[in-house]
Amino acid sequence: MKRLFKGKKILLLMMSLVFLLSACSSSGTGGQTDSSSSNGAGKSSDKLVIGFSQVGAESEWRTANTKSMQNAIKDAGHELKFSDAQQKQENQIKALRSFIAQKVDAIVFSPVVETGFETVLQEAKDAKIPVFLADRAVDIKDDSLWVTFLGSDFIEEGRKAANWLVEETADTEGDVNIVELQGTVGSAPAIDRKEGFEEVIKDHPNMKIIKSQTGDFTRAKGKEVMEAFLKSDGENIDVLYSHNDDMAIGAIQAIEEYGLKPGKDIKIIGVDAVRGAFEAMAAGKMNVTVECNPLFGPQMVDLIEAHLAGEEIPKRVAVEESMYTMDQAEELLPTREY
Ligand code: AHR
């Protein structure tokens, strides 16, 4: 009788353990998924809660990127917790801490600058919340603090811009004076686009960057800084290399107001390939834009689902990109998605 009672107790204990375990795994919190909830392709079909800390709304590119992420998360049936950092690192750190406190299943993070995120990323790791880097990388030794980086090769973008210029000015005698509008100070695209561009032009001693300043990736700042460049060096500027199209578009306005012809008197190189750049190129005011594709929301959702389903994913996933010149603009403008 006593033995039978003891057996029943063990059975009950085992049943509650099984119940507890299945309850934990179906919540998805902490990156665990139940294999019974797999959708057959090895990915989780659970509804996930995804926190997305975005840089801001500084450019056409950023707006397109935010939409792409929001739509992809919604279309996949997951819940999004969104935070716009307004280009401020302290806002991003706060947002990440709030996602951790809310125990989200995954964090997507597009860091405004490369450094200074170790502590908060360690907190996410301690809470077993996987972090996915979107668009911009971090400069952190411990790469176990993030799962993967999905984004563009910004150094290559800088090289492409410079290679276009080398070809374009192949027959030019004398110096080619370049002014540079840099992106946000300390951000990966600003650092890398400068590096890639300089790497190429260093082999062409006639190419000189005569002025270089940040325009913070915005049209307004791009215009303001270009006005200052024109004021001091107006007649000497041959080329503007702008780390994004928005700053280039702001600068084009400054050049016109100054009385010069953008695209002719001053050659304009941008990065992103946003609609505004295609419009400027179609109007003959901008020469070239190097593509930086922001439409990677669906790819990011796939990566999150794959990781949470226990699949191995690469540490770096590149976005495919091209480059567009003035003569292609009119034809391609109607096809541009952003
Ligand atoms: O990180 C990508 C860059 O950020 C884009 O090139 C720029 O437009 C944006 O604001």
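As a basis for the values below, the full set of heavy atoms in this structure was taken, side chains included, without hydrogen atoms, waters or symmetry mates. We count ligands from 1, going down the list as the structure has it; atoms in each ligand are counted the same way.
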Using the rule given for salt bridge (Lys or Arg N to Asp or Glu O under 4.0 Å), can you reason through Glu199 versus Arg159, listing the C-alpha separation, both sets of side-chain angles and the distance that settles it, and then say yes or no?
CA-CA 7 Å; Glu199 180 192 302; Arg159 288 190 197 115; 2.8 Å; yes
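If you check the side chains of Ser53 and Gln92, you find a donor sitting under 3.5 Å from an acceptor. A donor-acceptor pair shorter than 3.5 Å can be found between the side chains of Gln122 and Asp126.
When heavy-atom distances to ligand 1 are checked against 4.0 Å, the residues falling inside are Glu58, Ser59, Trp61, Arg62, Asp135, Arg136, Phe154, Pro189, Arg193, Phe217, Asn244, Asp272, ordered by chain and number.
Under a 4.5 Å side-chain heavy-atom cut-off, the cluster of Ile, Leu, Val, Met, Phe, Trp and Tyr residues that includes Trp164 is completed by Leu165, Val166, Val176, Ile178, Phe197, Val200, Ile201, Met207, Ile209, Val239, Tyr241, Ile269, Val271, Val288, Val290, Met323.
The side-chain tip of Arg336 points at the ring of Tyr324 from less than 6.0 angstrom away and within 45° of straight on.
Met247 and Val113 fall into different hydrophobic clusters, where Ile, Leu, Val, Met, Phe, Trp and Tyr side chains are chained together by heavy-atom contacts under 4.5 Å.
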